[in-house]
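Below: the structure, in structure tokens.
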Amino acid sequence: MTDLFQGPKGTRDFLPPAMAVRRYIEDAWRRVSIRFGFQEVDGPTFEPLDLYKVKSGDEIVSQLFSFTDRGGRDLALRPEFTPTLARIVAQFGAGLPKPIKWFAIPRCYRAEQPQKGRLREFIQWNVDFIGEETLTADKECLSVCAAFLFEMGLTTADFVIAWNHRDLMAELLVALGIRPEKLNDTFYVLDRLQKLNPVERQKLLQARDFSVSEQELLELFAVETAVPAGGRTALQDRLQTPTARTAYEKMMQLHDQLVPPELADNFRWDVGLVRGLAYYTGFVFEVADARGENRAIAGGGRYDKLIELFGGKPTPAVGFGMGDVVLEILLRERGLLPEHLGGGPDVFIVNASDDADLTAQWASRLRRSTFDPTVRKITQGGLRVQHSYRATKNIGKLLQEAASAQARFALILAPDELSRSVVKWRDLHARSETELPIAQAETLIRSACLEKGG
RNA sequence: GUGGAUAUAGCUCAGUUGGCAGAGCGCGAGGUUGUGGUCCUCGAUGUCGCGGGUUCGAGUCCCGUUAUCCACCCCA
């Protein structure tokens with residue numbers, strides 16, 4: 001015990017129940033992506049270190065797991081997928097039909113301090129819409145994201161989507177009196193103002209050297225974030241110049257153009273939303289727990305310059321990522337993880353006869369699938385078959401094992417029936433039983449399993 | 001990186017002023033010569049996270065260390 005190795009800090013072991021949950025989530029990601037016409041891709045788990053240094057931002061770079069190979073090349077485990085995607089598109093995009101609609105389910109790595117919802121190794125669903133500069137692409141990303149959340153049983157009461165637009169926001173801020181050279185500081189401050197109390201806010205604003213009128217304006221933003229469309233607010237009262245009014249109007253128009261109808265109630269312009277990734281160019285969004293209890297569920301935005309930065313043709317792109325860790329916590333908290341994920345076998349063989357070989361014979365017959373070479377497809381799938389590895393012929397005990405394995409049917413091989421050339425076929429859910437003539441048993445069993453929703 | 005809490009069986013945990021290492025669940029074998037998650041009996045598994053100190057004696061007190069959880073920073 002004391003000498004056992006433990007998994008590295010911030011990693012997980014997936015025993016069968018945990019693996020079943022992971023598969024449940026990944027399958028849904030894949031299913032929804034494909035339904036919207038996205039195709040799955042993947043890339044290497046590690047990349048040149050410089051790929052992330054160029055444009056991901058200091059925060060990401062400080063969390064990289066990096067190493068040097070024997071040829072002296074600096075490499076890093078991928079902390080996110082977007083740079084890999086942009087690299088691939090920069091290299092191969094020219095020959096691909098546009099738009100490119102891709103999704104990926106990569107494992108990613110960040111060397112940060114593990115905590116609730118944040119680990120050092122996680123799985124992140126990525127959906128990217130590349131080569132389309134109109135809002136159609138942004139909207140479709142929002143719709144895919146929402147469709148998945150609904151698919152898992154979440155409702156508009158469970159999550160909110162906050163959005164912002166960096167360029168329009170900059171325009172608005174300048175029009176409202178922020179000095180252009182203070183824009184970066186302003187974004188930095190806006191991102192955290194709402195989480196601070198008035199005294200802390202004051203300190204932060206003074207530390208960043210804002211003028212009195214700038215401080216007053218930012219204080220307003222701090223109090224009034226996530227402005228609902230249409231409502232008259234203190235911010236609207238500040239729109240005294242035509243340019244300010246225009247900038248604000250553009251923002252509101254964008255809101256109306258972006259919002260998917262099914263999300264009207266929980267789609268909000270959030271002046272405090274900036275997002276740390278340095279490659280985002282305009283529209284950005286983040287999906288949050290409506291109860292405010294968890295970390296961001298998903299986040300994304302436009303990165304129109306990243307592909308050309310990696311040497312590709314100028315290509316507009318928008319996408320988002322969703323991590324498995326927070327999502328699983330959220331689904332668990334809301335009671336939305338089904339029980340018995342993974343399911344049990346179709347047939348559990350209970351062999352109470354003296355012939356131990358019978359178990360293997362029946363198992364191999366039922367497991368067999370039929371491959372048709374002319375259509376290059378499996379035309380009849382093999383059944384999922386299990387049996388006991390214990391010596392006992394106690395039918396009660398063996399049925400108990402069948403039940404705890406979540407089997408749907410039990411095939412009972414016992415001396416009395418075998419001497420009459422029949423087997424017993426028990427429906428473990430209905431607790432009903434019939435006899436099948438051995439000669440037709442395989443056919444009857446296959447159709448029974450198929451009927452039961454196989 | 002910084003702070004707080006925690007660490008005892010596979011899991012969840014109890015363990016009194018320092019005095020023989022415990023329960024429940026799970027796991028294994030059996031109880032009825034052939035029918036279910038129940039019941040009964042029996043069984044295995046521990047250097048009490050690791051290292052040091054105090055003491056006649058440490059799971060218990062002290063110091064260090066590692067890991068986990070929570071929070072900060074930031075975000076999937």
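Below, chain A is the first sequence line, B the second, and so on; all start at residue 1. All heavy atoms count here, side chains included; hydrogens, waters and symmetry mates do not.
- Within the 4.0 angstrom heavy-atom criterion, base atoms lie near A/Q406.
- Note on residues 349-365 of chain A: pairs passing salt bridge (charged side-chain N to carboxylate O under 4.0 Å, His left out), not counting sequence neighbours, are A/D354-A/K393, A/R365-A/E442.
- For A/P338, the side-chain contact (heavy atoms from CB on, under 4.5 Å) partners are A/Y24, A/L341, not counting sequence neighbours.
- Qualifying side-chain hydrogen bond (donor to acceptor under 3.5 Å, both in side chains) partners for A/W163, counting only residues two or more places apart in sequence or in other chains: A/H255.
- Comparing B/rU60 with B/rG49, their P atoms sit 8 Å apart, to the nearest whole Å.
- Between the CZ atom of A/R110 and the C1' atom of B/rC75 there is a distance of 6 Å, rounded to whole Å.
- Rounded to the nearest Å, the gap between the P atom of B/rA7 and that of B/rC13 is 10 Å.
- In terms of polar N and O atoms assigned as donor or acceptor, the side chain of A/Q400 never comes within less than 3.5 Å of the base of B/rU35 in a complementary pairing.
- To the nearest whole angstrom, the two P atoms, one in B/rG15 and one in B/rA9, are 15 Å apart.
- A/G10 comes within contact range of the sugar-phosphate backbone alone, with a heavy-atom separation under 4.0 Å but no base atom that close.
- Contacts of A/L330 with the nucleic acid, taken as non-hydrogen atoms under 4.0 Å apart, are absent.
- Within the nucleic acid shown, A/Q113 comes within 4.0 Å of at least one base atom, counting heavy atoms only.
- As judged by a 4.0 angstrom heavy-atom cut-off over every strand, A/E80 is placed among residues making no nucleic acid contact.
- The residues A/R31 and A/D27 are annotated as not salt-bridged, no charged nitrogen and carboxylate oxygen being separated by less than 4.0 angstrom.
- Applying the ring pair (Phe, Tyr, Trp, His ring centres under 6.0 Å) test to A/F81 and every residue at least two apart in sequence or in another chain returns nothing.
- The pair A/E401-A/R390 meets the salt-bridge criterion, since a charged nitrogen lies less than 4.0 angstrom from a carboxylate oxygen.
- One N or O donor and one acceptor, one from the side chain of A/E417 and one from the base of B/rG34, sit under 3.5 Å apart.
- Legend: salt bridge (charged side-chain N to carboxylate O under 4.0 Å, His left out) pairs involving residues 287-296 of chain A, not counting sequence neighbours, sorted by first then second residue: A/D289-A/R334.
- With C1' as the reference atom, B/rC63 and B/rU54 are 11 Å apart, rounded to whole Å.
- Aromatic ring centroids of A/F129 and A/W102 lie 6.0 Å or more apart.
- Atom C1' of B/rU33 sits at a distance of 30 Å from the matching atom of B/rG26, rounded to the whole Å.
- Put simply, CG on A/L64 is 15 Å from P on B/rC75, counting in whole angstrom units.
- For RNA chain B, if you chain together Watson-Crick or G-U pairs that step i with j, i+1 with j-1 and so on, the runs of at least three with distances under 3.5 Å are B:1-7 with B:66-72, B:10-13 with B:22-25, B:27-31 with B:39-43, B:49-53 with B:61-65.
- Atom C1' of nucleotide B/rG1 and atom CZ of A/F65 are separated by 14 Å, given to the nearest angstrom.
- Residue-level contact check: A/A298 touches the backbone only, with heavy atoms under 4.0 Å from sugar-phosphate atoms and none from bases.
- The P atoms of B/rC69 and B/rG30 are separated by 40 Å, rounded to the nearest whole Å.
- If you take CZ of A/R295 and P of B/rC69, they are 12 Å apart, rounded to a whole angstrom.
- Across the interface with RNA chain B, nearest-nucleotide mapping of A/V325 and A/S432 shows A/S432 to be the residue nearer the 5′ end.
- At a threshold of 4.0 angstrom between heavy atoms, the contacts of A/N126 with the nucleic acid are absent.
- Applying the salt bridge (charged side-chain N to carboxylate O under 4.0 Å, His left out) test to every pair with at least one member in residues 119-132 of chain A, sequence neighbours left out, gives these pairs: A/R107-A/E121.
- Among the atoms of the strands shown, none is found under 4.0 Å from any heavy atom of A/L327.
- Remark: the A/R431 side chain and the B/rU35 base include no donor-acceptor N/O pair separated by less than 3.5 Å.
- Between A/R78 and A/E47 there is no salt bridge, since none of the side-chain N atoms of the basic residue sits less than 4.0 Å from a carboxylate O of the acidic one.
- The nucleotide whose nearest atom lies closest to any side-chain atom of A/K9 is, among B/rC73, B/rG37, B/rU68, B/rU68.
- Rounding to whole angstrom units, CD of residue A/E433 and P of B/rG34 are separated by 14 Å.
- The gap from the C1' atom of B/rG18 to that of B/rG57 amounts to 8 Å, rounded to the nearest Å.
- Atom CD in A/E293 sits roughly 14 Å away from atom P in B/rC70 (whole-Å rounding).
- Look at CG on A/D416: it is 13 Å from P on B/rU35, rounded to the nearest Å.
- In this structure, A/L398 places its CG atom 10 Å from P of B/rG34, rounding to the nearest Å.
- Side-chain atoms of A/K424 and base atoms of B/rU35 include a donor and an acceptor less than 3.5 Å apart.
- In this structure, A/R35 pairs ionically with A/E151, as a charged nitrogen and a carboxylate oxygen lie closer than 4.0 Å.
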List the protein contact pattern of nucleotides 24-32 of chain B with one symbol per nucleotide (5' to 3'): B for base contact, S for sugar-phosphate-only contact, - for none; contact means a heavy-atom distance under 4.0 Å. -----S-BB
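- When the C1' atom is compared between B/rC11 and B/rC27, the two are found 11 Å apart, to the nearest whole Å.
- Between B/rC69 and A/K116, no contact under 4.0 Å exists linking OP1 or OP2 to a side-chain N or O.
- Listed by first then second residue, pairs satisfying salt bridge (charged side-chain N to carboxylate O under 4.0 Å, His left out) with a partner in residues 8-18 of chain A read A/R12-A/D324, not counting sequence neighbours.
- Nucleic acid contact for A/Q63: none, since no nucleic acid atom lies under 4.0 Å from a heavy atom of the residue.
- The side chain of A/A403 lies closest to B/rG36, out of B/rG34, B/rU2, B/rG36.
- Among the protein residues, A/E328 comes within range of no part of the nucleic acid, since none of its heavy atoms lies under 4.0 Å from any strand.
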